[in-house]
Amino acid sequence: MVYRDDYFIRYSISVSAVVLRAWITHKYSGGDLNVKWEENLLYAVATNYTLLTTVPPFERPFKDHQVCLEWNTDYIWNLRANKIPQCPLENDVVTLLGFLYASSGENTGIVKKFPRFLNRELEATRRQRIDYPVFTVSLWLYLLHYCKANLCGILYFVDSNEMYGTPSVFLTEEGHLHIQMHLDKGEDLAVKTKFTVPLKEWFRLDISFNGGQIAVTTSIGQDLKSYHNQTISFREDFYYNDTDGYFIVGGSRYVAGTEGFFGPLKYYRLRSLHPAQISNPLLEKQLAEQIKLYYERCAEVQEIVSVYASTVQQGGRRQEACDLQNSYLDLKRRYGSPSTCRAFPGERELKEKHPSLFQALLEMESLTVSRNQNEFVLEIGGRIFEKAVRRLSSVDGLHQISSVIPFLMDSSCCGYHKASYYLAVFYETGLNVPRDQQQGMLYSLVGGQGSERLSSMNLGYKHYQGIDNYPLDWELSYAYYSNIATKTPLDQHTLQGDQAYVETIRLKDDETLKVQTKEDGDVFMWLKHEATRGNAAAQQRLAQMLFWGQQGVAKNPEAAIEWYAKGALETEDPALIYDYAIVLFKGQGVKKNRQLALELMKKAASKGLHQAVNGLGWYYHKFKKNYVKAAQYWLKAEEMGNPDASYNLGVLYLDGIFPGVPGRNQTLAGEYFHKAAQGGHIEGTLWCSLYYITGNLETFPRDPEKAVVWAKHVAEKNGYLGHVIRKGLNAYLEGSWHEALLYYVLAAETGIEVSQTNLAHICEERPDLAKAYLGVNCVWRYYNFSVFQIDAPSFAYLKMGDLYYYGHQNQSQDLELSVQMYAQAALDGDSQGFFNLALLVEEGAIIPHHILDFLEIDPTIHSNNISILQELYERCWNHSTEESFSPCALAWLYLHLRLIWGAILHSALIYFLGTFLLSILIARTVQYFQSVSATSSRPTPARASPDSTAPIASPAVTPAADASAQDQPTVPNNPEPRG
């Protein structure tokens, strides 16, 4: 506390304030040196105190320890003795939300967790204030309704024991704020504000804690004009530890969220600020203003529809004396004339403002008006939407988009948010409309707030990848995905609605496309024929297709149950017996029959079907409450590999009712849930994603990205998404290109990979269609999206590698990214990936070391391009599925022939052979010239001549070479004596 840190004083005490107290007590007044000073102070006759000035740690002197250090120790210490360590740059301000969040008012929300401060000073301050909280919360809100339950979540803290902590802010039914704190003594204390918060108006809520005093302020408008404020004081000590748990924005499994939109949310962890000191502007102002304008317009639309509803209810023909300018005249004539004429206020202006709505209402077929006006408005929205979709599904449906957009807007305003998602996709992709990403965001947020499944998945996907101007935010992405993931198992057990089984069918896979069928298709008719003959496999497949709506067959649970019953009662197939037993237990499309269901379940279990063994455990748990027997059956089924049994055992541990185990055991429950999730169990996967987002279990360290991946996996099994995918596939098989493009765009924008690659494939097949109607580079966009998915196919990586290699439209060439794409395809076991990498190496490209490590190719062993080529071609050949010689095999063979030829050309033998052949060539050449020379010097034999006395020698030149030589005597070269 007095000296600086040195070799002996490793950690000097750091203090911010020192109080020196002094008091005088009487010797006989009870004062004693052995008692605590607080007790002694009670008997003091005089007291005083003073504040001592503290010296910062690095301004203190070094202490002279009178010790001589070894030279090396002293040298090392002197190197760092005068260096002041830099504390980590850290701030106590946390941005919990930086973008708009559409809260549907359901049991899902954003989960955030605070870490401890890295800065030692800040962390010490935080710990000191555990019983004296000093912090400020500032968030923007746009509320559509007050809470429909007792309380709705705004922002609240959940501690490690899954209990509410400090702070917890909720909205009440009347519009008041309910603020709850956890006390130091273990109890909870709550207070309700006197004022109510505004509806359908952006406002900023600021809550400041300073010990036992809470200041609450709501401000509206761009100038943050104060709307209401209230200060509340308490004498109790609050308990506040913001790292021992997690924060939730909106809903959770404990409480539903508010209906509306959250804006920027800032949290000042160590400061109590006045609203004027808070820096938390409303970001995305234009988008926030668009939301406000949207609901203002929708209020008018709903009012018009309400008047239409009252018109239908009145019925009768309209009297001729009524004002002819009233546009409800035709409606009144259709349903009869009321006793009095009702004028609509401001009708002419509204008719000019909403012409499509008035047109749709006048063309509407007769309806039965529901007692609930909201339901009637929703039904009108559905009718308008269906009419618009019929136009979009025509042969030239994409031509109709611009004309149906006003109808979709009216449908959206009526609360039918499938229309909102259509509008979001049209504007985000520029599908035959000018691309407008802000309008796309608006309708996607509106659809997400309305809990529309595809809109929520679209928002979750965009925040998961951080694309299309949506910020990367995994916690925000999880909030959207978890909402739909929670609904997915419920939707699967609901027999109503436009749902179909989500199947991974690729348009490149001709064999899979061939087996797609309909109720009058060859495949279906053949299965039906075989099932009628008693083929158990055909009966089970037929029932599954009808029950889930698979393989192109429309969902028909009633017909499916008939086949389940026929198969179970006529055959001994355990799977059919089990399926029918489940149907009887749950009464899905048939009257419940628990007794027959139990008999069938036992029969299937006796045949060794693990699903039936698990079903018996479920029966004893649900109907008999016999947890001992239930656990026995589930343990047996779990040993047989049944994921449902693993999940059920986890539920027993979670609820604290596992036989022989006292209390809850979340750790064991989490292990069983994880095992079930690995087996594909939906609910088990949901629990794992929840554990990963909260990080409250040691066995599940917090990992928001993994939480999103698991929730996304479940959400993409939703039947409503499957219905859209199936409509796109059917349109493709029928050659209806406009409709196929429409539905695959709708499915692809939710982030499901199979639809993204299929859409890119359609755009490759029909580039004219994509260019004419889409405002985005379809092939590039959706192949690029697909390769960032976890389960992306290898051909997508190959395609992106080609696009990076050759460049595509506005995208320039990028060899490095091309290599990465080919390497990923190769890692997935695609021989073409190895082949393409080898071709790049042949062209002189250099594969980076991190890519070689990625492919598990050791750069130290394969240090040159030839060695890498050998390895790539060899792996290419090994991964090839072709029986005959593949391009990989031929390339491998050609490479080795080149290597052999190169080895021959560079060996010692070639020098010997070359020298030998050269010597022979030279010897032959010399011999040839010698022979030519010898021939020219040899005498020619004499020929007979008329003049024997004059022997003639061979001329040196031809006779015709020189005419004058003919008259000259010839001189013999070798004269001989005459006889």
Side-chain angles (χ1 to χ4, degrees), residues 385 389 393 417-418 421-422 425 447 451-458 460-461 480-507 509 512-513 515-519 521 523-524 541-557 559-560 588-589 680-683 685-686 710-734 736 739-759 761-762 782 786 789-791 793:
F385 174 77
V389 168
S393 300
H417 289 296
K418 285 184 180 180
Y421 180 64
Y422 274 62
V425 172
S451 196
E452 207 288 316
R453 287 158 178 77
L454 273 62
S455 289
S456 298
M457 293 176 68
N458 172 265
Y461 174 65
Y480 291 119
Y481 269 128
S482 63
N483 185 20
I484 308 308
T486 305
K487 290 183 171 68
T488 296
L490 302 176
D491 290 339
Q492 289 182 349
H493 293 92
T494 301
L495 303 182
Q496 292 80 25
D498 295 330
Q499 296 192 68
Y501 189 80
V502 179
E503 300 171 278
T504 304
I505 300 173
R506 302 194 182 279
L507 301 185
D509 190 348
T512 305
L513 294 181
V515 300
Q516 300 305 304
T517 185
K518 288 188 176 181
E519 288 76 356
V523 175
F524 185 85
R541 183 63 193 140
L542 196 64
Q544 289 175 346
M545 290 167 63
L546 289 166
F547 192 85
W548 297 107
Q550 295 177 348
Q551 211 167 318
V553 177
K555 195 172 183 181
N556 190 343
Q588 293 179 317
H681 195 277
I682 289 182
E683 285 86 352
T685 305
L686 287 174
W710 288 55
K712 180 177 184 285
H713 173 74
V714 175
E716 289 180 349
K717 296 181 181 294
N718 192 274
Y720 290 94
L721 173 62
H723 177 71
V724 173
I725 296 173
R726 171 51 61 178
K727 292 190 76 171
L729 180 60
N730 289 342
Y732 177 82
L733 295 174
E734 294 168 1
S736 180
E739 191 176 3
L741 183 67
L742 169 66
Y743 285 111
Y744 271 116
V745 169
L746 291 171
E749 286 296 310
T750 65
I752 186 168
E753 177 274 322
V754 65
S755 294
Q756 291 175 340
T757 50
N758 283 346
L759 176 57
H761 177 74
I762 290 175
Y782 293 105
S786 69
Q789 305 276 14
I790 290 178
D791 51 354

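All residue numbers refer to positions in the sequence shown, counting from 1.
Residues T486 and V714 fail the side-chain proximity criterion, which asks for heavy atoms closer than 4.5 Å. The shortest distance between side-chain heavy atoms of P793 and E753 falls below 4.5 Å. Taking 4.5 Å as the limit, every side-chain heavy atom of Y744 sits out of range of all side-chain heavy atoms of Y782. Between Y421 and V425 the shortest side-chain heavy-atom distance falls below 4.5 Å. Side-chain contact check for I505 versus L513: some heavy-atom pair is nearer than 4.5 Å.
Each of E749, H761, Q789 was scored for a side chain to side chain donor-acceptor pair (under 3.5 Å) with Q756, with one residue passing: Q789.
Judged purely by distance below 3.5 Å, without hydrogens or angles, the side chains of T512 and R506 never pair a donor atom with an acceptor atom.
K727 pairs by the side chain to side chain donor-acceptor pair (under 3.5 Å) definition with Y743, not counting sequence neighbours. Applying the ring pair (Phe, Tyr, Trp, His ring centres under 6.0 Å) criterion to Y480, with sequence neighbours excluded, gives Y101. In terms of the ring pair (Phe, Tyr, Trp, His ring centres under 6.0 Å) criterion, residue partners of Y732 (sequence neighbours excluded) are, by chain and number, W737. In terms of the ring pair (Phe, Tyr, Trp, His ring centres under 6.0 Å) criterion, residue partners of H681 (sequence neighbours excluded) are, by chain and number, Y647. Looking at residues two or more places apart in sequence or on another chain, you find no side chain to side chain donor-acceptor pair (under 3.5 Å) involving K418. Take E716 and apply the side chain to side chain donor-acceptor pair (under 3.5 Å) test, not counting sequence neighbours, and it matches K712.
Taking CD1 of I484 as the start and CG of N458 as the end, the distance is 11.5 Å to the nearest 0.5 Å. The OG atom of S455 lies 11.5 Å from the CG atom of N483; values are rounded to the nearest 0.5 Å. To the nearest 0.5 Å, atom CZ of residue R453 and atom NE2 of residue H417 are 12.5 Å apart. Atoms OG1 and CD1, from T750 and I725 in turn, are 6.5 Å apart once rounded to the nearest 0.5 Å. Atoms CG and CG, on L507 and L733 in that order, are 8.0 Å from each other to the nearest 0.5 Å. Atom CD in E739 sits 11.0 Å away from atom CG in L741 (nearest 0.5 Å).
Across every non-hydrogen atom of Y481 and G460, the tightest pair is CE1-C, 3.4 Å. Nearest heavy-atom pair across N718 and T488 is ND2-OG1, 3.3 Å. Listed here is the closest heavy atom pair of A748 and S755: N-CB, 3.8 Å. When all heavy atoms of A500 and R726 are compared, the pair lying nearest together is CB-CB, 4.3 Å.
Within the 3.5 Å criterion, the main-chain N or O of P489 finds a donor-acceptor partner in the side chain of H493. Using modelled atom types, one side-chain atom of Q499 and one backbone atom of D491 make a donor-acceptor pair closer than 3.5 Å.
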